[in-house]
Amino acid sequence: MIESKARPAVSLNSVHKRYGTTDALIDINLSVEPGEVVALVGPSGSGKTTLLNTICGLTIPDSGEISISGQSLTNIKHRKTLATLVGIVSQQYGLIPTLPVVQNVLAGKLGSWTNLKSVLSLIWPQDRKQASSILSSLGLDEKINERTSHLSGGEQQRVAVARVLIQSPDVILADEPVASLDPALAESVMGLLSRITQVDNKTLILSSHSPYLIQTYCSRIIGIRQGRIIFDMPISEINDDIFHDLYETNQILQR
Amino acid sequence: MSIAFPLGLILGIIASGKIIDDDSHLKVWVIVPTRFLLALMRSIHELVWAVLLVAALGLSPLAAIVALAIPYAGILGRIYAELLQDTPSQPILALKSTGASPFKIICYGLLPLSLPDMLGYTFYRFECAIRAAAILSFIGIQGIGYQIQLSLHDLLFNQVWTLLIFLLVLIVVVDFWSGKLRRSLTE
Ligand SMILES: Nc1ncnc2c1ncn2[C@@H]1O[C@H](COP(=O)(O)OP(=O)(O)O)[C@@H](O)[C@H]1O
Ligand SMILES: [Mg+2]
């Protein structure tokens with residue numbers, strides 16, 4: 001325990017990422033402790049998705065260093081090792097539309113399963129009980145055998161959340177995980193994510209545009225604009241003006 | 001076809017480059033030779049392969065089977081590679097981040113995403129293969145074409161008609177089967 005306190009769950013050291021002529025991330029320095037629930041806020045195109053994707057290794061930064069629980073991403077050779085450390089609910093969900101819901105949820109286990117078990121599971125879903133209990137905590141137990149492409153956007157979003165929950169990495173990243181949900185569902189999914197983070201001693205970093213949900217469920221808030229961190233503070237210090245400025249100034253700059 | 005399908009599938013998956021990491025320098029060294037092999041296999045017509053193989057193996061059914069399997073695997077492999085390349089990359093990235101190995105990415109991502117299209121094309125090719133098999137046996141290899149030829153020589157037109165109708169039935173059955181399978185996959 002003392003050890004895990006000593007090294008941060010996530011740390012970024014002067015990370016840069018450029019796409020053509022746009023700088024998506026500029027000199028990002030960040031350290032997140034285990035147990036924190038961090039909200040990333042910022043207007044569209046500010047770099048939230050790029051930041052989350054670089055933390056989980058899906059996007060390789062041009063320079064800078066990223067470590068998870070003290071291990072540098074470049075030193076983690078196996079995908080399945082990385083998958084125990086960090087997992088992501090991406091903005092586009094990344095589900096396989098032609099598979100049933102249960103297979104998309106169980107895909108979160110592929111890192112720990114053997115090849116044989118993975119193939120068998122396509123015919124007889126393995127660990128079905130666990131998948132079904134996670135789905136029911138997300139209000140989707142009736143859809144377990146449905147073809148994923150038949151689900152609504154909000155339902156698919158929750159399937160993607162279920163997949164990362166069954167993967168159960170130490171650090172959970174979630175890119176606008178409640179963007180397609182109605183307010184009541186959004187609140188229950190946010191509640192579930194933050195509860196699991198606390199109960200299982202994990203770390204959660206999510207992006208969201210909802211001040212209310214962030215203030216209710218997060219412990220820290222980081223504002224990004226045009227690839228730079230503009231502010232980084234405990235949730236108790238945030239106020240409407242800071243929020244407002246973050247989104248407002250951007251529009252002026254664009255004009 | 002039962003040889004051409006798996007062979008084409010394996011070569012197609014490799015040639016699509018979808019399971020090899022983008023930053024890996026293996027990429028060029030694996031994909032280019034595979035594509036070249038596929039091109040070589042399909043650039044030579046099944047009749048030519050048959051003539052070559054009859055010279056090597058004699059007039060056995062095996063020669064006909066291999067002669068068909070080689071160019072058909074070449075064609076299927078190429079089409080599969082293209083279908084696989086058209087699959088969306090988001091779901092594949094998501095599977096990578098769950099720690100899935102390349103084999104599991106094939107089973108959980110690439111195949112489910114492209115199977116309906118692949119099957120449609122495979123059945124079409126299966127039809128072509130049945131016709132080609134009949135033609136091949138005109139060069140003397142055992143097969144339905146050989147039977148037709150014998151009957152023609154003996155002026156047994158009833159038998160010729162029976163065999164032709166049999167070919168037609170075979171193709172209709174394949175067509176029906178393919179429609180059913182595809183519907184069950186895409187409903
Ligand atoms: N794959 C990509 N290719 C080119 N530009 C990209 C790519 N991904 C993101 N960008 C650019 O990087 C910037 C940050 O994008 P993103 O991280 O998606 O922002 P956000 O998630 O905050 O809306 C944007 O200007 C976007 O156009
Ligand atoms: Mg985004």
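Below, chains carry the letters A, B, ... as their sequence lines are ordered, and counting in each starts from 1.
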- Contacting region of B:L113 [heavy-atom separation from chain A under 4.5 Å]: both
- Might you point out which heavy atoms bring B:Q90 and A:S90 nearest each other, and give the distance in Å? OE1-OG, 3.6 Å
- Where do A:A107 and B:T98 come nearest, in terms of heavy atoms and distance? O-OG1, 3.3 Å
Only distances under 3.5 Å count here; give the side-chain donor-acceptor pairs of residues 159-166 of chain B to other protein atoms, sequence neighbours excluded, each with its distance to 0.1 Å.
| from | atom 1 | to | atom 2 | distance (Å) |
| --- | --- | --- | --- | --- |
| B:Q159 | OE1 | B:S151 | OG | 2.9 |
| B:T162 | OG1 | B:N158 | O | 2.7 |

- Message: Counting only non-hydrogen atoms closer than 4.5 Å, does A:V86 touch chain B with its backbone (N, CA, C, O), its side chain (CB onward), both, or neither?
- Response: backbone
- Query: Where does A:Q167 contact chain B at under 4.5 Å (heavy atoms): side chain, backbone, both or neither?
  - Reply: side chain
- Message: Is the shortest side-chain heavy-atom distance between B:S101 and A:H78 below 4.5 Å?
- Response: no
- In this structure, CG of A:L106 is separated from OH of B:Y108 (nearest 0.5 Å) by 6.5 Å
- Task: Write out, in numerical order, the residues from residues 109-122 of chain A with a heavy atom short of 4.5 Å from a heavy atom in chain B.
- Result: A:L110, A:G111, A:W113, A:T114, A:N115, A:S118, A:V119, A:S121, A:L122
- Message: For the CG atom of B:L110 and the CD1 atom of A:I96, what is their distance to the nearest 0.5 Å?
- Response: 8.0 Å
- Message: Working to the nearest 0.5 angstrom, can you tell me the gap between A:L82 CG and B:K96 NZ?
- Response: 12.5 Å
- Item | Where A:A83 and B:S97 come nearest, the two heavy atoms and their spacing | CB-O, 3.8 Å
- Message: To the nearest 0.5 Å, what is the distance between CD1 on B:I105 and CZ on A:R79?
- Response: 4.5 Å
